[in-house]
Amino acid sequence: MHSDPDTCDLLVIGGGINGVGIANDAAGRGLSVLLCEQDDLAAHTSSASSKLIHGGLRYLEHFAFRLVREALGEREILLAKAPHIIWPLRFVLPHERHLRPWWMLRAGLFIYDHLGQRVRLPGSRAVKLAEDNPLRPDLLRAFEYSDCWVDDARLVVLNAMQAHAVGASILPRTRCIAARREGAWWQVTLQTASGLREVRARGLVNAAGPWAAKVIEDALDLPSPHALRLVQGSHIVLPRLYAGDQAYILQNVDQRIVFVLPYEDDFTLVGTTDRDYRGDPAEVKPTRDEEDYLLAVIGHYFRQTVDRQQIQHSYAGVRPLLDDDDSNPAAVTRDYTLSVQGQPDQPPLLSVFGGKLTTYRRLAESALAHLQPWFGQMGPAWTAKQPLPGGDFASPLALEQELEEAFPWLTQAQRRRFVRSYGRLCWRFLAEARSAADLGEMFGAGLTAAELGYLCRDEWAQSVDDVLWRRSKLGLHLNAVEQARVAEWMQENAPADS
Ligand SMILES: Cc1cc2nc3c(=O)[nH]c(=O)nc-3n(C[C@H](O)[C@H](O)[C@H](O)COP(=O)(O)OP(=O)(O)OC[C@H]3O[C@@H](n4cnc5c(N)ncnc54)[C@H](O)[C@@H]3O)c2cc1C
């Protein structure tokens, strides 16, 4: 570990999944790492996804075999690393005669079953839709296949925690405003709430997602090797539309597909859309047209009618895709490209263009392989087998029982949520408690002062949105008065920006 806080081997710009993934891998290999994120961890694309660890069935239509193979293999690796925030999800793909033919779906799923490593997840099969299923009664046949669910923002936070545990400095609300090469170093200027800070790094990683090209051009004053295509995708949250744990993958007449996913026990998540976006990525919001589009897909497939009054929440994100000049935003490649700028005798700049949550770990390994010539001392790859923090348990059910034995006074809903959000990490705020009262003020939906204190202390939470919309999705479960009280508590107790 290094002792001077203002010098490091690697400075990572961006606290989305790709930035924390690279920081974590690098720190675990013995490099001294500093990560700066201008907002909260996962504040942007990495908390606005469809929340799937998936091979990407539809990418097969675009012959993206490399990406699909890599992503399929990652499903099982990530499932084992993080059984608290990642779990299997069975998808139903109903067949509509006038859309993709039956044989084509069967062939696609055959490839999907066999292209990547699959041990725990069951394969696909054709099914007859039961009479009591929630879809239109004239839909009779479907396929089923498996992918995984992930809590996207928590995947980011857990990687940041693991990086921190092996020595990385994680600096949320810290913006990189300039960097220039000086001999063997990058001289980097960071802007924090309390002023400017100068840091020297032997290598720079630009994982700024939708801002990646802008960081190179504006902060580094260099030409960007690639252009980004920013493609907006939005989701709506409806009250739960159907019983059961299954998800649906629905084909639309425009050839796009829309996911319908069980969400936070009481809700159904519907998304996504694809539209070119040219504004500030931080300002992206779902449009009325996108919401109508998603409602229309539900109206077309489900027996139950839905209208906009039922939308409980909606969110949008911007995919930072490598611009491949495709006229259709849905067809632009979802694969990633890493670019290294710098001669062997110069400190390197590695930039990430594109990428999926699903492939973040492999992307990080590839990033470090690219940086190897500059950091000959770094250790070998290690992330495939190491659980993420809190993920060292075999089955969520067994862990829930363990929690019940240790803390019989927790409600069943609390136990379930703690296992799904924190895994073993929840002992950090429960261990000292002997009764529910010991957890302090109750804010609603099982959220207590003890949990908030832990989120501030160990997970870098500073604002009400950090805890209600990223570290958890309790924003869906607390009413306005309860949310206001959480905001008040955070203002009084959360650490001020450094
Ligand atoms: C609608 C939608 C659905 C998706 N669904 C899925 C899915 O189901 N499964 C899947 O695998 N993938 C999915 N993806 C893709 C996935 O979410 C993204 O590829 C991934 O989150 C990108 O992560 P990132 O770290 O590159 O970018 P981000 O998460 O945006 O992180 C970049 C960070 O850099 C920070 N930053 C920028 N400039 C600076 C600066 N100067 N200084 C400091 N910090 C800076 C930003 O604040 C930001 O937090 C989806 C994407 C979208 C938009």
Side-chain angles (χ1 to χ4, degrees), residues 11-23 34-56 59 67 70-71 74-75 78 86 89 147-150 152-153 155-156 159-160 171-179 188-192 204-220 228 230-235 247 258-259 261 269 271-275 277 280-282 284 286 290 314-322 329-330 334-336 351-364 367 470:
L11 188 140
V12 179
I13 305 169
I17 191 60
N18 289 323
V20 295
I22 294 170
L34 191 150
L35 178 143
C36 68
E37 161 54 52
Q38 63 187 356
D39 295 316
D40 182 25
L41 296 170
H44 298 288
T45 317
S46 296
S47 58
S49 79
S50 300
K51 308 180 198 308
L52 299 177
I53 296 296
H54 62 158
Y59 308 148
L67 171 63
E70 183 171 294
E74 281 304 282
R75 292 181 312 184
L78 297 179
I86 298 179
L89 193 55
D147 269 325
C148 294
W149 169 265
V150 63
D152 51 5
L155 184 66
V156 173
N159 269 280
L171 306 177
R173 293 172 164 95
T174 301
R175 184 157 186 237
C176 169
I177 55 169
V188 185
T189 309
L190 303 177
Q191 185 165 45
T192 70
L204 200 56
V205 170
N206 165 20
W211 289 268
K214 196 172 155 53
V215 161
I216 301 176
E217 286 162 2
D218 295 358
L220 278 60
L228 277 178
L230 301 184
V231 176
Q232 170 171 353
S234 295
H235 291 79
V258 169
F259 294 117
L261 308 159
L269 179 65
T272 176
T273 54
D274 283 275
R275 67 190 282 271
Y277 184 78
D280 176 355
V284 65
E290 288 180 298
S314 59
Y315 62 84
V318 175
R319 303 175 183 87
L321 305 180
L322 187 75
R334 265 49 175 173
D335 211 343
Y336 56 83
S351 297
V352 177
F353 294 89
K356 306 275 304 164
L357 286 164
T358 307
T359 48
Y360 85 91
R361 197 193 64 79
R362 292 290 298 272
L363 182 151
R470 286 182 286 275

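Counting starts at 1 for both ligands and their atoms, following the listed order. Sequential numbering from 1 along the given sequence is applied to the chain's residues.
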Would you say that L52 contacts D147 through its side chain, given a criterion of any heavy-atom pair below 4.5 Å between the two side chains? no

Below 30° counts as parallel, above 60° as perpendicular, anything between as tilted: where do the rings of H44 and W211 land? perpendicular

Would you say the side chains of Q191 and R175 form a donor-acceptor pair under 3.5 Å? no

State, without any angle test, whether Y360 and N159 hold a side-chain donor-acceptor pair at a distance under 3.5 Å. yes

Which atoms form the tightest heavy-atom contact between S46 and I17, and what is the distance? OG-N, 2.9 Å

Neighbouring protein residues of ligand 1 - any heavy atom closer than 4.0 Å: I13, G14, G15, G16, I17, N18, C36, E37, Q38, D39, H44, T45, S46, A48, S49, S50, K51, L52, H54, T174, R175, C176, A207, A208, G209, P210, W211, V215, G233, H235, T272, G317, V318, R319, G355, K356, L357, T358

Any residue meeting side-chain hydrogen bond (donor to acceptor under 3.5 Å, both in side chains) with T358, in chain and number order, not counting sequence neighbours: none

